[in-house]
Number of protein chains: 2
Amino acid sequence: MGCPGALPGPVHLVYVLSLGRAAGTHGRADGETVMDEGQPPAPPARCADCGIRRLAMFRPFGPQQLAEVQRLRSAIRRAPPGTELMRHSAHDAPLMTIYAGWAFSHTTSDDGARQILDFHLPGDLVGAEHLAVKGTDTLVEALTAVSACVFPRRKVLAEMEHNPALSASIAWLLARDEAMLHERLFSLGRRSAEERLAHLALELAARIRLRRRVDVGGPLPFPPTHRHLADALGLSAEAVSRAATRLRAHGLEQIARGVLIIRDPDRLAALCGWRDEYLVPREML
Amino acid sequence: MGCPGALPGPVHLVYVLSLGRAAGTHGRADGETVMDEGQPPAPPARCADCGIRRLAMFRPFGPQQLAEVQRLRSAIRRAPPGTELMRHSAHDAPLMTIYAGWAFSHTTSDDGARQILDFHLPGDLVGAEHLAVKGTDTLVEALTAVSACVFPRRKVLAEMEHNPALSASIAWLLARDEAMLHERLFSLGRRSAEERLAHLALELAARIRLRRRVDVGGPLPFPPTHRHLADALGLSAEAVSRAATRLRAHGLEQIARGVLIIRDPDRLAALCGWRDEYLVPREML
DNA sequence: CGCTATGTTGAACAGTTTCAAGATGCGTGG
DNA sequence: CCACGCATCTTGAAACTGTTCAACATAGCG
């Protein structure tokens, strides 16, 4: 999905993560919409040209499968921060793959409590969990300016019926999601505020690095505010602030102005019981 | 998986959920192991005879696909309560479908804190999330006496490559899991002890009823202890006890001696913001 | 330059944990 | 059938972690 496939190799995606320059947008397919509400770079017209495709989170796709996937794409969407990208309770909520920028899914209860369920980075497939069940009013919102490919639910389901590679790929991504959710569940259930923050920072750092394949110790783009982190971690924004202050004071990590710096990965990992196996793909056969 | 397929219809599965009489176990396929460590009823030899197959949580399977799935099964396992059924970190952790009894997955940190990630009821596929990524030391333990079908990971992966129905079915089950995890995440992040317990009780009651298709208001089998509930909800056993006492006093629900009674579904649902859409299958096309 | 969103810090409060003691229930063996 | 023993559940009181409310600081943006 979202132009999956191909083998890993040297990729320059820094511009995608940091919202730098825009990519070319010529030669669209028939019937494709481009909703241009923001400034992030739009994905290329042909999936084969898509840098995202090479990222580690996709299973290899052959050229003909890639072409089939590209036919499923119904639109390209660009949107500024804060835009509601998707409402899963809607009858025909589509699937999306983030091409550039960050988004997040969340649920809000009647009394206004918000729980962020996941952050979405470039290359992530969003909404696959709602292929099967209608979720409970989950919203996807752009955290930064975002560009994404849109795939209609019905088309994807129809294609899955006779395209094992697509089904397997989606199953694969869902499995990875589930592993991440298990870790998050452990955080909310059994870790202290400080440990939760440390763990989330390490997870997002690992996910960013899987995409960039560079700069292991350096500053990483990190758009979420304390409020976002609090709503993801089941805390108040004040608790996040205090936890962040303590981690910074101990020289472990630093979050400021949209940038995350992991200063002492080993002590951080020891603090929160971090292990990275759950993000690393398993050999499939 | 675990004999999926077929359309809903009148089914008598009370015995499976309550661990009553055993089913016949003749005519096994070649090379199939039967590990008999306990007393629960074993699944039938032929997937086509499997009552579980008819349950709502599976997508329809044709007869030939059913036969293919049956060929993947490597063993049948019966085990008493407390048995470690599976260790996901193991190199070749298999997949399992529960046929009778309850199980649960959990992770335990170095300092002994346990987080239960999910409960598994008859018909549930366990371990699919580890097809793609090696989880972080997740263990599956029998909560009651359990019988289950075992499928080797490699065989399933190989079959998925060219069997879209299987891939789609697994994607479907993973999607349902993810929706449940989202709800659980909301619980741990944003609900009080009382609300968490109410919500979990409603969810498990709904899942039991999806299998039994009977007895909507009556007593339901409910094996988890306060300790299990606490570890699933991110609470202490004492907090669960206090929450349960309050819910009972208000005439909302009652948990005692392995039996759950939902006394006032409407007020319970209002209390915790329960909605059932996330368990109900969406029309696929 | 000033507005607004975000981050920081303090103090009172609340919900949950922890520790502890006792009650209840259930299976086992006499 | 009853007595014992162990696991589970219940209840109380103190301690703790995080929440809430409030004031202020800082940064980014028009």
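The sequence lines fix the lettering, A, B, ..., with proteins before strands; numbering per chain opens at 1. Computed over heavy atoms, backbone and side chain alike; hydrogens, waters and symmetry mates excluded.
Using a 4.0 Å cutoff to heavy atoms of chain B, the contacted part of DNA chain C runs 5' to 3' from C/dT16 to C/dC26.
Residues satisfying the salt bridge (charged side-chain N to carboxylate O under 4.0 Å, His left out) criterion with B/Arg275, sequence neighbours excluded, are absent altogether. Residues satisfying the side-chain contact (heavy atoms from CB on, under 4.5 Å) test with B/Ala269, not counting sequence neighbours, are B/Leu202, B/Trp274. In this structure, A/His226 has no ring pair (Phe, Tyr, Trp, His ring centres under 6.0 Å) partners at least two apart in sequence or on a different chain. Under the rule for a side-chain hydrogen bond (donor to acceptor under 3.5 Å, both in side chains), the partners of B/His228 that lie at least two apart in sequence or sit in another chain are B/Thr225.
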When the side chains of residues 235-251 of chain A are checked against the rest of the protein, which donor-acceptor pairs come out under 3.5 Å, sequence neighbours left out?
from, atom 1, to, atom 2, distance (Å)
A/Ser236, OG, A/Ala239, N, 3.2
A/Thr245, OG1, A/Ser241, O, 2.8
A/Arg246, NH1, A/Glu194, OE1, 2.5

List the atom pairs, with distances to 0.1 Å, where a side-chain N or O of residues 111-122 of chain B and a protein N or O form a donor-acceptor pair under 3.5 Å, not counting sequence neighbours.
from, atom 1, to, atom 2, distance (Å)
B/Asp111, OD1, B/Ser109, OG, 2.4
B/Arg114, NE, B/Asp231, OD2, 2.6
B/Arg114, NH2, B/Asp231, OD2, 2.9
B/Gln115, NE2, B/Asp231, O, 3.1
B/Gln115, NE2, B/Ala232, O, 3.1
B/Asp118, OD1, B/Arg184, NH2, 2.7
B/Asp118, OD1, B/Arg207, NH1, 3.3
B/His120, NE2, B/Ser105, OG, 2.4

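Sorted by residue number, the members of residues 223-236 of chain B with any non-hydrogen atom under 4.0 Å from DNA chain D read B/Thr225, B/His226. Residues from residues 185-202 of chain A with heavy atoms under 4.0 angstrom of DNA chain C: there are none.
Sorted by first and then second residue, the salt bridge (Lys or Arg N to Asp or Glu O under 4.0 Å) pairs with a member in residues 97-107 of chain B form an empty list; sequence neighbours excluded.
The rotation axes computed at either terminus of the helix from C/dC1-D/dG30 to C/dG30-D/dC1 lie 40° apart, taking five pairs at each end and rounding to 10 degrees.
When side chains are defined from C-beta on, A/Leu185 counts as touching B/Leu185, because their heavy atoms get closer than 4.5 Å.
Here D/dT10 presents its P atom at 12 Å from CZ of B/Arg246, a figure rounded to the nearest Å.
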Protein-to-nucleotide contact annotation, 5' to 3' order, nucleotides 21-30 of chain D [B base; S sugar-phosphate only; - none; under 4.0 Å, heavy atom]: B-----SS--
Step-by-step salt bridge (Lys or Arg N to Asp or Glu O under 4.0 Å) determination, B/Arg191 to B/Glu183: CA-CA 11 Å; B/Arg191 283 194 256 253; B/Glu183 275 299 320; 3.0 Å; yes
